[in-house]
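This report concerns only the one structure given below.
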Amino acid sequence: MQYINIPPSETPRTVPFYFAVEEHVARHYTDDEYFMVWRVKPTVMLGRNQLIENEVNVDYCRQNNIYISRRKSGGGCIYSDEGCLQFSYISSTENVDEAFARYRQRVIALLRSLGIDAQLSGRNDVLVEGRKVAGSAFYSLGRRSVLHNSLLFDTRLDHLSQALTPAHEKLQSKGVASVAQRVGNIAAYTSLDIEAMMAYARRYMCGEQQLDLTQTDMEAIASTERELSSDGFVYGRNPKYTEVRKHRFEGVGILEARLELRNGVILDLNLVGDYFLLGDIDHDLIAPLRGVRFTREAVEEALQDVDLPTIVRGLKRSQFLRLLFGRRPHVMKPDWLKIDLTSKRSTGETAGILSKHHLNTICVSGLCPNRSECWMAHTATLMIGGNICTRRCRFCNTPTGRPHRLDADEPRRVAETVKALKLRYAVITSVDRDDLPDYGAAHWVETVEQVRALNPETKIELLIPDFRGDSALIDKVMATQPYVAGHNMETVRRLTPSVRSVADYDCSLGVLREIVRCGISAKTGFMLGLGETRQEVLQLMDDILATGCRRLTIGQYLQPTAHHLPVEAYITPQEFAEYKKVAMEKGFKHVESGPLVRSSYHAERGTE
């Protein structure tokens, strides 16, 4: 890393000059990483998309000769003066998040080398004894990452607290009532004065390596400095907005959308606030939305190919849509979905048997609405492979994460549970185990074999994962000769990427096709109420039939928690009956279709 050595000047340098140096070095010196430390007269620095009226006490700044400037990076508004050190770091790492994380660690290490107990906090803060002493901001420039770091050494905190006027909700999120309560200087924690601190930081980061800027460099920097000093850049562009939407998102920051609308169409948009800007927001986000109708559906469609987290750090499409349109209206659950969950004696008996054998069931993890009915009938869908799934499907309530090792005793307990429940028809399913070389296939085989050995008269239905489409593994499980083998499609082709995790529509069709090829009766199921159209449902039926599968379940999607996909529509019992009629006419041999139908609901009926 080389230190950027700037020729001396008779007049004090301003913030736009140093930002121009950063940009020039990033664009024209690409063979190494670069660093510099600098100070300026009292200045307020705004992030690229912050509004001055939201962040700065302009009158106070004018009365106290505090300069107002703006940087090209995102992040929050800061105050700096001759008691505050500014670090500039130009990284050769193209991934700005990676460069930022590495740089923050170096700043922490620098402070700790002086005996200062510095800690990282939140997105970009450095704390000492609970008070913020430094913050960072960054942006990408071509294949380089430019990072700024502001370190409070002996800053006038009275100016800082008066010049900055952050939003109340931002202070609230930090657990403080004012800026002054949250910040502190590090001069009290070191014997170095500020000049010695600057020299120490230079040696620590760069040693003796340095880049001497030339007269040609300085001329180019002066041109960029004029641009960054202009009123047009500092005071920003704002559309003649007719609508304002504002929200704070955890891990993202405060976003404020200012829209110019005419006849329900977006003419212009500006996204301001305290957030981390990573990409070209004007080109990649705002431009695609101009001319788009101001409806949730139209904006969502316009954003299909926009990778929001690469533009605004951490921002999801669903959050941006919520910013513009608020929460989706809640769809009230109709009367036909209100069920009796009262426990009966037989329900408790089934629960007791399952508990005794330490078994998981999809009845519990999937919040099945038919649990009481099935348990009263001494039936349950047993879930093997543990209770933690390696996938994170947006409709499913099964816990996700890193699973435990397979329990070698589980197949025996499953077999004993089937015997204790006196099941004539047993349904077995599993979590996805993408962490295993065979995705759990051998465990499936062992389970089926032990169940059959202890319960020779019991018919066994399997509801299997996709085994990543590996036909050899599917064949291995089918070799156990289950009575029925199912694999769920879950939803229509268009919605599969947003509803399922990892699973692929065509891969799932391939699983059904392989089950049929093995001579086993195939079964599948899908949900309604996720936003599918009737034509898409009919096409899904045709796709399933083309695999040779003739058993089908159709049920209502029910949102397990607020973190899962919302219900787009509740399908009436009459519509479910119509879909059953259509499915039978198309060629399915057995169809269970209704609001409360789940994959294994009344599974034994299809065998009669």
Does a side-chain heavy-atom distance below 4.5 Å link [X] with [Y]?
X    : Y    : value
C518 : E514 : yes
L473 : R468 : no
R517 : I474 : no
I388 : V431 : no
L308 : K316 : no
T390 : L436 : no
V306 : D284 : no
M489 : Y505 : yes

Would you confirm whether [X], through its side chain, and [Y], through its main-chain N or O, come within 3.5 Å as a donor-acceptor pair?
X    : Y    : answer
T524 : H487 : yes
S593 : F576 : yes
N488 : E490 : no
R296 : G326 : yes

Within the supplied structure, the quantity of interest is the number of heavy atoms (other residues, nucleotides, ligands) at a distance under 6.0 Å from [X] [atom1]; does it exceed 12?
X    : atom1 : result
N263 : CG    : no
E578 : CD    : yes
K589 : NZ    : no

For Y557 and H564, what are the C-alpha separation, side-chain angles and deciding distance, and is it a side chain to side chain contact (heavy atoms under 4.5 Å, CB included)? CA-CA 11 Å; Y557 168 64; H564 290 79; 3.8 Å; yes

For a quick test of reading the model, state the closest non-hydrogen atom pair linking [X] to [Y] and the distance between them.
X    : Y    : value
V451 : V418 : CG1-CG2, 4.2 Å
C77  : L46  : SG-CD2, 4.0 Å
W444 : I428 : CH2-O, 3.4 Å
G587 : R550 : O-CD, 3.2 Å
I286 : N270 : CD1-CA, 4.2 Å
S498 : L565 : O-CD1, 3.8 Å

If I take atom [atom1] from residue [X] and atom [atom2] from residue [Y], how far apart are they, to the nearest 0.5 angstrom?
X    : Y    : atom1 : atom2 : value
L509 : L540 : CG    : CG    : 8.0 Å
S430 : H443 : OG    : NE2   : 8.5 Å
L261 : R293 : CG    : CZ    : 10.5 Å
C389 : M383 : SG    : CE    : 8.5 Å
C549 : I520 : SG    : CD1   : 13.0 Å
D307 : L315 : CG    : CG    : 10.5 Å

If we ignore angles and hydrogens, is there a donor and acceptor under 3.5 Å between the side chains of R500 and S508? yes

Just checking, any donor-acceptor pair under 3.5 angstrom between side chains of Y570 and Q556? no

With sequence neighbours excluded, residues passing side-chain contact (heavy atoms from CB on, under 4.5 Å) with T491: L495, T496, V499, L530

Does R262 have any side-chain contact (heavy atoms from CB on, under 4.5 Å) partners at least two apart in sequence or in another chain, and if so, which? E260, L267

Verify side chain to side chain contact (heavy atoms under 4.5 Å, CB included) between E461 and K523, making sure each step is shown before the conclusion. CA-CA 10 Å; E461 177 178 318; K523 176 180 177 179; 2.9 Å; yes

If the threshold is 4.0 Å, N to carboxylate O, is there a salt bridge linking [X] and [Y]?
X    : Y    : result
R534 : E532 : no
E256 : R258 : yes
R433 : D438 : no

Applying side chain to side chain contact (heavy atoms under 4.5 Å, CB included), run through E410 and R413 and close with a yes or a no. CA-CA 5 Å; E410 187 178 57; R413 297 201 310 275; 4.2 Å; yes

Residues L303, L285; criterion side chain to side chain contact (heavy atoms under 4.5 Å, CB included); working and verdict: CA-CA 8 Å; L303 294 175; L285 175 59; 3.7 Å; yes

Does anything in residues 382-395 form a salt bridge (Lys or Arg N to Asp or Glu O under 4.0 Å)? List the pairs, not counting sequence neighbours. R391-D432, R391-D434, R391-D466

